[in-house]
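To keep things clear, I will list the structure first and then write my remarks on it.
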Amino acid sequence: MRSRVFPFGVFFLAGLASFGVIRDAAADDSRNYAELEKAALEGRDIGATFDLSRCLVHGANTPGPSIRGGLHLDGFMIQSDQTIAFSATRLTVRSDNTPVNGLLSFKVAPTGKIDVLSLSLNPLTYAIFHEAEFDCSMGEGVTFHW
């Protein structure tokens with residue numbers, strides 16, 4: 001069962017802001033799925049910025065936490081349902097000095113809906129410390145740059 005509360009993921013998500021360099025940082029909220037798919041298939045250098053407070057906690061009508069960040073897409077996969085999937089991982093340390101492997105996964109549907117999943121894992125056992133999921137949209141919570 002996925003946690004609907006976001007008490008710990010701040011450390012992982014805040015660290016993602018330095019995960020990759022985002023060039024062409026001027027936001028273009030008018031970009032859509034077709035443009036993202038074309039840019040990805042052309043091998044363009046794509047970055048994403050996010051503001052989880054503009055998303056909803058999955059399964060609730062509650063805004064996400066006030067966490068903003070960005071990442072660089074190193075790879076992607078277009079699945080049979082045309083969803084564009086990509087993720088980022090980062091090794092970080094919690095405030096109690098516990099090491100954490102963080103995973104942030106994005107699934108972009110042709111409608112522009114984006115499912116964001118955040119996992120914090122024990123780097124030795126891969127046991128899940130924390131899990132949270134958010135519902136976002138292109139230009140509303142997640143913006144792509146290229």
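If you read the sequence from its start, that first residue is 1, and numbering goes on from there.
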Does some side-chain heavy atom of [Y] sit less than 4.5 Å from a side-chain heavy atom of [X]?
| X | Y | result |
| --- | --- | --- |
| I46 | F86 | no |
| I114 | F50 | no |
| L91 | P123 | yes |
| L41 | F76 | yes |
| L36 | R31 | no |
| D115 | F106 | no |
| L117 | E131 | yes |

**Item:** With Y33 via ring pair (Phe, Tyr, Trp, His ring centres under 6.0 Å) - residues at least two apart
**Value:** none

**Prompt:** Taking only residues two or more places apart in sequence, or in another chain, which ones meet D135 in a salt bridge (Lys or Arg N to Asp or Glu O under 4.0 Å)?
**Reply:** K113

**Prompt:** Listed by chain and number, what are the salt bridge (Lys or Arg N to Asp or Glu O under 4.0 Å) partners of D96, not counting sequence neighbours?
**Reply:** R94

To the nearest 0.5 angstrom, please state how far the [atom1] atom of [X] sits from the [atom2] atom of [Y].
| X | Y | atom1 | atom2 | result |
| --- | --- | --- | --- | --- |
| L119 | T89 | CG | OG1 | 11.5 Å |
| I128 | N122 | CD1 | CG | 11.0 Å |
| I84 | E37 | CD1 | CD | 5.5 Å |
| H145 | H72 | NE2 | NE2 | 11.5 Å |
| E133 | S105 | CD | OG | 9.0 Å |
| W146 | E35 | CH2 | CD | 5.5 Å |

**Asked** L52 and side chain to side chain contact (heavy atoms under 4.5 Å, CB included): which partner among S118, P65, P63?
**Response** P65

**Item:** With E42 via side chain to side chain donor-acceptor pair (under 3.5 Å) - residues at least two apart
**Value:**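 Here the qualifying residues are K38.
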
**Item:** Residues which pass side chain to side chain donor-acceptor pair (under 3.5 Å) with T83, listed by chain and number, not counting sequence neighbours
**Value:**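 Side chain to side chain donor-acceptor pair (under 3.5 Å) check on T83 returns D81.
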
**Asked** Considering residues at least two apart in sequence or located in another chain, which fulfil the side chain to side chain contact (heavy atoms under 4.5 Å, CB included) criterion with S137?
**Response** E140

**Asked** Are M77 and V116 connected in the hydrophobic side-chain network, where two residues link if heavy atoms are under 4.5 Å apart?
**Response**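 Unlinked, M77 and V116 end up in two clusters.
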
**Message:** I'd like to know if L124 and V100 are part of one continuous hydrophobic network [Ile/Leu/Val/Met/Phe/Trp/Tyr, side-chain heavy atoms within less than 4.5 Å].
**Reply:**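 Each belongs to a different hydrophobic cluster.
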
